[in-house]
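Read the structure below first, then the notes.
What you see below is based on every heavy atom in this structure, not just the backbone, and it leaves out hydrogens, waters and symmetry mates. Naming convention: chains lettered A, B, ... in sequence-line order (proteins, then strands); numbering from 1 in each chain.
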2 protein chains.
Amino acid sequence: MTAAPMRIGDVARLAGTTPRTIRYYEEIGLLPDAPARPSGQHRLYSTKELERLREVMRLKHLLGVSLEELKTLLSAEEARATVRARLREEDVHPERRRELLSESLGHIDRQLELVEHRAAELSKLQEELTQTRRRVRKLLREMDVPAQV
Amino acid sequence: MTAAPMRIGDVARLAGTTPRTIRYYEEIGLLPDAPARPSGQHRLYSTKELERLREVMRLKHLLGVSLEELKTLLSAEEARATVRARLREEDVHPERRRELLSESLGHIDRQLELVEHRAAELSKLQEELTQTRRRVRKLLREMDVPAQV
DNA sequence: ACTGATCTTTACGTTCACGTCAATTTCACA
DNA sequence: TGTGAAATTGACGTGAACGTAAAGATCAGT
């Protein structure tokens with residue numbers, strides 16, 4: 001029932017990157033160290049880690065931030081994962097539970113703010129381009145009925 | 001009536017960058033060489049060039065592409081500028097005029113495609129984040145009425 | 001137990017996008 | 001006409017994000 005663990009080469013192929021990049025991300029702390037591995041032994045990954053890598057690459061692509069900024073952004077996600085784990089243990093004090101949740105909410109809000117800002121800027125650019133396109137097409141249409149004036 | 005020409009330091013300040021960057025962009029052909037200047041003499045710019053620089057920086061920021069890719073993207077814009085200039089001369093053959101216009105349209109479409117794609121990806125991410133946010137807030141609200149179950 | 005493919009660490013190399021001297025020159029202004 | 005601030009080219013330096021080569025270790029399959 002436990003999905004076959006993958007090696008770094010497989011993960012790299014599936015994510016569309018290279019082993020070197022994965023090791024680098026691990027080195028700078030952008031990805032967590034591969035779980036419990038005596039140094040010298042091969043890294044083993046589950047689909048869980050593969051998807052994490054994909055998310056990292058996606059955010060890097062979409063937000064175009066430095067790996068350092070990305071790290072702090074993802075530390076939020078990291079924290080949320082921890083929160084989810086803690087919350088699954090039912091025996092957390094309500095007090096503490098509320099703390100964890102609203103902390104998590106703060107992290108999400110920070111990410112959302114960044115993303116919303118970017119999205120807004122982009123759609124503005126998109127609109128401008130669409131406008132320009134309309135103008136050019138209008139000029140072209142006017143050429144089809146030159147005797148109109 | 002001719003707006004006072006600015007020097008590279010002024011342009012840099014107004015655009016929020018440095019003289020070095022402007023020279024670099026000019027060097028790699030991302031910005032056109034400052035108009036008619038005997039080498040050794042100071043570069044002089046009009047607000048026209050300032051805005052061009054700003055647009056370059058904006059696109060770089062929003063699309064996060066390499067300066068090389070940006071150069072090809074802007075060569076389209078360059079071409080459109082040329083088209084506009086040619087079109088202002090009223091004496092272009094209709095045949096040629098149509099050619100120029102549809103060529104211009106093609107360039108715009110290429111840019112639009114890229115921008116639309118990015119915008120779509122971003123808004124998808126935005127929606128996902130919003131969803132997550134909703135879920136966390138729901139959990140928080142449920143804590144306010146614990147006796148509900 | 002062997003073997004070839006893959007992985008390990010270490011370390012130096014590379015590209016991009018500028019930063020930073022340095023020596024000289026140009027420019028606006030008194 | 002001098003003078004200080006800003007600009008010029010040229011060259012080397014730098015941080016980020018990996019690439020690449022080397023020498024050895026580990027793993028899956030026979």
Under a 4.0 Å threshold between the charged nitrogen and the carboxylate oxygen, would [Y] count as salt-bridged to [X]?
{"X": "Arg58(A)", "Y": "Glu55(A)", "value": "yes"}
{"X": "Glu121(B)", "Y": "Lys124(B)", "value": "no"}
{"X": "Arg13(A)", "Y": "Asp10(A)", "value": "yes"}
{"X": "Arg137(B)", "Y": "Asp109(A)", "value": "no"}

Nearest-Å distance for atom pair [atom1]/[atom2], residues [X] and [N]:
{"X": "Leu30(A)", "N": "dA17(D)", "atom1": "CG", "atom2": "C1'", "result": "11 Å"}
{"X": "Tyr24(A)", "N": "dG15(D)", "atom1": "OH", "atom2": "C1'", "result": "9 Å"}
{"X": "Asp10(B)", "N": "dA5(D)", "atom1": "CG", "atom2": "P", "result": "16 Å"}
{"X": "Leu31(A)", "N": "dA17(D)", "atom1": "CG", "atom2": "C1'", "result": "14 Å"}
{"X": "His61(A)", "N": "dA17(D)", "atom1": "NE2", "atom2": "P", "result": "16 Å"}
{"X": "Glu68(B)", "N": "dA17(C)", "atom1": "CD", "atom2": "P", "result": "8 Å"}
{"X": "Arg23(B)", "N": "dA7(D)", "atom1": "CZ", "atom2": "P", "result": "7 Å"}
{"X": "Glu27(A)", "N": "dC18(D)", "atom1": "CD", "atom2": "P", "result": "12 Å"}

Choose from [options] the nucleotide whose nearest atom is closest to any side-chain atom of [X].
{"X": "Arg20(A)", "options": "dT8(D), dG19(D), dA17(D)", "answer": "dG19(D)"}
{"X": "Gln41(A)", "options": "dA17(C), dC27(D), dA6(D)", "answer": "dC27(D)"}
{"X": "Ile8(A)", "options": "dC18(C), dC7(C), dC18(D)", "answer": "dC7(C)"}
{"X": "Ser39(B)", "options": "dC27(C), dT9(D), dC18(C)", "answer": "dT9(D)"}
{"X": "Arg37(A)", "options": "dA17(C), dT8(C), dC18(D)", "answer": "dT8(C)"}

> Taking for each residue the nucleotide of DNA chain C with the nearest heavy atom, is it His42(B) or Thr21(B) whose nucleotide lies nearer the 5' end?
Replying inline: Thr21(B)

>> Between Gly9(A) and Gly40(B), which residue's closest nucleotide on DNA chain C lies nearer the 5′ terminus?
In response: Gly9(A)

>> Regarding Ile28(B), tell me which of base, sugar-phosphate or nothing describes its non-hydrogen contacts under 4.0 Å with the strands shown.
In response: nothing

>> Testing the basics here: between Ala119(B) and Leu122(A), what is the closest heavy-atom pair and its distance to 0.1 Å?
In response: N-CD1, 3.7 Å

Using a cut-off of less than 4.0 Å, is there contact between a side-chain N or O of [X] and OP1 or OP2 of [N]?
{"X": "Lys71(B)", "N": "dA17(C)", "value": "no"}
{"X": "Thr18(B)", "N": "dG19(C)", "value": "yes"}
{"X": "Arg7(B)", "N": "dC27(C)", "value": "no"}

> When the nearest nucleotide of DNA chain D is assigned to Val65(A) and to Leu44(B) on a heavy-atom basis, which residue is associated with the more 5' position?
Replying inline: Leu44(B)

